[in-house]
Structure formats: C-alpha cells, structure tokens
Number of protein chains: 2
Amino acid sequence: MVDITALPACPVETTLTLISDKWKILIVRDLLDGTKRFSELRRSIGHISQKVLTANLRQMETDGLVSRKVYAEVPPRVEYSLTDTGRSLQTVIDALWDWGEQYKERVGVA
Amino acid sequence: MVDITALPACPVETTLTLISDKWKILIVRDLLDGTKRFSELRRSIGHISQKVLTANLRQMETDGLVSRKVYAEVPPRVEYSLTDTGRSLQTVIDALWDWGEQYKERVGVA
DNA sequence: CGGTATCCAAACTGATACTG
DNA sequence: CAGTATCAGTTTGGATACCG
C-alpha cells in the first residue's frame, strides 16, 4: 500500500516522487492506449531492459498506478493496465506533450 | 546551444529529455517565483548539493531554460532566472501540482 | 512468456578541499 | 559568494543464466 505519510508537502514533489522516473511516464503514456502484455510494453517503450521494466511496473503497482493481471495459461500471459489513478495522469502527459511540441518549434524544428 | 537533431520524435520524450530530472523541475518551480541567487535557490529547493545544483543549472542554461547573470562585484553575485521557454513550463508544473493534490486525496480516503 | 538471481561496470552522490 | 576538483561510497543498469 501507499505510505501517505512519506509524501512530500509540495504536490509537485509528490508527483515527482511517483513518476519522476523517465520510464514510468513512458509506461503510462503507452498504457493510456489500452491494456498491454509485458512484451508488448517492452517493445512499445523502446530501449528498456527486462529488469528495469519489471522494477518500474512493480513500484507503480505498489503506488496504485498500474494493475497487473496474470492468466493461468501456458505459455503464461500477464497483462498490465492503468488504474483510475494511473489514467488520471492523462492531463500530465498531455501537458508534457504540448510543451515538447512547443519546445521543438521554439528551437526551430519544423 | 540546443542540439535539435538529438530530440526524440515523441514530444513527451522530448520534454522528459529536458526536465525528467527531479531537480530541474524543482528549479523551475522555484524560479517561477522570480529571479534567485545561487544560494537562495539552493535553500529553497531543499536538500541538494552544490555540485548537483551547478550541474543542473548549466544544463538548463544550455537547453535555453534558464538565464544566468553574473555581477562583477565582491563578493560575487550570480542571479538565475527563467527564459521565456523556461517560464512556459508553468503549465507543466501546474499539471504536476494538480495531480499531486488529487493523488493525496485519493490515497487519503482509502 | 514473464519473470528472478547474480555479477560486474558505469553513473551518480556526498563530503571535503581549494579558488577567483 | 559561487563555484571547480577530487575521491570514496553507494546506487543503478546491462548482460547473462536459469526457473515456473
């Protein structure tokens, strides 16, 4: 569970504590498109090792951002999706997206 | 100068490349209040070493987010402020702020 | 397939000392 | 005051091997 007493006073820092890691934001970005399997996620994110992806997903599960569903099949299937809290990060991702576009325009990318 | 060819295709990744570092966002947050001297910035951010703060400010200067002004005085005075591009991060900080507040409410009621 | 365990190199950090 | 230089200690990350 989430240890709310450990969260910083400043809301900005709270958010950073949860998603300042670059990979986490990219995981959210990709899961906003819908549920994904572990291997799909790994491919869609780009260059990320299995170890690091696993570690990030575990932490995000603990923080209540991501939901993990294991299917008792052979071969195994594990699906990841966003919780309501995770989905609420959409506005943050949108802000990052918009700013990134603006920045490219400012520095001169067509 | 900014190496625009090095920027990722995804605008979200572009933004992360520039400010995914926790300290950079806190620097922007604090400079949004106005120009600050090096030591003021260091105090307002919280626990950050001189070395790390310097490194972050240098990178942000290179990326066109922060402006550095040196006064030829004794003792020396160096003031940091946001460029227009840096100030435009206000919307991103706001999104992070709002989400952080919402998150606390969510985990608080649970 | 989706992990975990282990090893090792690289990166980051903190403390300290020194400078213009 | 606002840095730079240096070095030890810790953390992180990639590569590899193996398991349910």
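Only heavy atoms go into these numbers, but all of them, side chains included; no hydrogens, no water, no symmetry mates.
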Note to self: What is the first contacted nucleotide of DNA chain D and what is the last, in 5' to 3' order, if contact means an atom lying under 4.0 angstrom from a heavy atom of chain B?
What the structure shows: D/dC1 to D/dC7
Next item on the list: Could you go through the side-chain hydrogen bond (donor to acceptor under 3.5 Å, both in side chains) check for A/Asp63 and A/Gln59 one step at a time?
Entry: CA-CA 6 Å; A/Asp63 292 338; A/Gln59 184 62 58; 3.3 Å; yes
Note to self: Checking the side chain of B/Thr15 only, and the main-chain atoms of A/Leu96 only, is there a donor and an acceptor separated by less than 3.5 Å?
What the structure shows: yes
Check: Just how far, in rounded Å, is P of C/dG3 from CG of A/Leu41?
Finding: 10 Å
Check: When hydrophobic residues are tied together by side-chain contacts of less than 4.5 Å, even through go-betweens, does B/Leu18 share a cluster with B/Leu32?
Finding: yes
Notebook entry, point to check: With a 4.5 Å limit on heavy-atom distance, are the side chains of A/Leu53 and A/Phe38 in contact?
Noted result: yes
Check: B/Arg37 versus B/Val78: any side-chain heavy-atom pair under 4.5 Å?
Finding: no
Check: Within the structure shown, what part of the strands sits under 4.0 Å from A/Arg58 by heavy-atom distance: base, sugar-phosphate, or nothing?
Finding: sugar-phosphate
Next item on the list: Could you state the atom-to-atom distance from NZ of A/Lys69 to P of C/dG3 in whole Å?
Entry: 15 Å
Item checked: Phosphate OP1/OP2 of C/dG2 contacted by A/Arg68 side-chain N/O (<4.0 Å) -> no
Notebook entry, point to check: Between A/Glu79 and A/Arg77, is the closest basic N to carboxylate O distance under 4.0 Å?
Noted result: yes
Item checked: A/Ser88 vs B/Trp99 side-chain heavy atoms within contact, under 4.5 Å -> yes
Check: Rounded to the Å, how far apart are A/Leu53 CG and C/dC1 P?
Finding: 15 Å
Notebook entry, point to check: Is it true that a side-chain atom of A/Thr83 and a backbone atom of A/Gly64 form a donor plus acceptor pair closer than 3.5 Å?
Noted result: yes
Check: In the 5'-to-3' direction, what one-character label does each nucleotide of nucleotides 13-20 of chain C receive under the scheme B = base within less than 4.0 Å of a protein heavy atom, S = sugar-phosphate only, - = no such atom?
Finding: BB-----B
Next item on the list: Look at A/Tyr80 and C/dG3 and indicate whether a side-chain polar atom (N or O) is within less than 4.0 Å of OP1 or OP2.
Entry: yes
